[in-house]
Amino acid sequence: MLENNSGLRPKGHAVLVQPIEIEQLKAELIHIPSDVRATSAAMEHRAKVVEIGGECWRDEKAPRCAVGDIVMVTKFAGFVAVGPKDKVVYRLVNDRDVFCVVEA
């Protein structure tokens with residue numbers, strides 16, 4: 001299980017995710033021009049779920065994701081925050097902004 005060392009604790013309907021940069025999604029040996037990276041970033045925004053607030057998906061039959069899942073989130077959703085403990089960039093998004101779990 002993924003451990004949250006950020007110093008950020010989501011409350012209510014908030015989901016703490018760590019954005020995955022497009023460079024991390026591609027093989028290290030492939031050079032990706034910056035214009036292609038920008039286009040790819042506009043098409044999808046993936047993130048790893050770090051922690052889930054206690055009220056997330058209470059009105060749904062099942063949770064949309066779990067801690068450790070790679071998900072796709074709305075591009076401009078939520079707030080960008082730097083973890084006070086680990087100084088890593090995170091996003092706090094609303095539970096409704098998680099719309100897909102990436103399984104492959």
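Note: hydrogens, waters and symmetry copies are ignored here, and every other heavy atom, side chains too, is used. If you read the sequence from its start, that first residue is 1, and numbering goes on from there.
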Answer whether the closest heavy-atom distance between the side chains of V17 and R91 falls below 4.5 Å. yes

Is there a donor-acceptor contact under 3.5 Å linking the side chains of D95 and H13? yes

Quick one: pull up SG in C65 and NZ in K48 and give me the separation to the nearest 0.5 Å. 13.0 Å

Just by modelled atom types, is the A62 backbone N or O under 3.5 Å from a matching donor or acceptor in the W57 side chain? no

In Å and rounded to the nearest 0.5 Å, what is the CG to CG distance from D86 to L8? 7.5 Å

If you group Ile, Leu, Val, Met, Phe, Trp and Tyr by side-chain heavy-atom gaps below 4.5 Å, do V82 and Y90 land in one group? no

Evaluate V93 against T74 for side chain to side chain contact (heavy atoms under 4.5 Å, CB included), listing each step before the verdict. CA-CA 9 Å; V93 299; T74 307; over 6 Å; no

So, the side chain of R64 versus the backbone of V98: is there a donor-acceptor pair under 3.5 Å, distance only? yes

Side chains of I20 and I70 in contact at under 4.5 Å (non-hydrogen atoms): yes

Hey, could you give me the CZ/CG distance between F79 and N94, rounded to the nearest 0.5 Å? 10.0 Å

Cationic N near anionic O, under 4.0 Å, E60 to R96: yes

Atom CZ in R46, atom SG in C100: separation rounded to 0.5 Å? 8.0 Å

Give a yes or no answer on whether the side chain of N4 reaches the backbone of S6 with a donor-acceptor pair at less than 3.5 Å. yes

If we only count heavy atoms from C-beta on, is the P63 to I52 side-chain gap below 4.5 Å? no

At their closest point, which heavy atom of V89 faces which heavy atom of Q18, and how far apart are they? O-CG, 3.9 Å

Can you see which heavy atom on A47 is nearest to which on P19, and at what distance? CB-CA, 3.9 Å

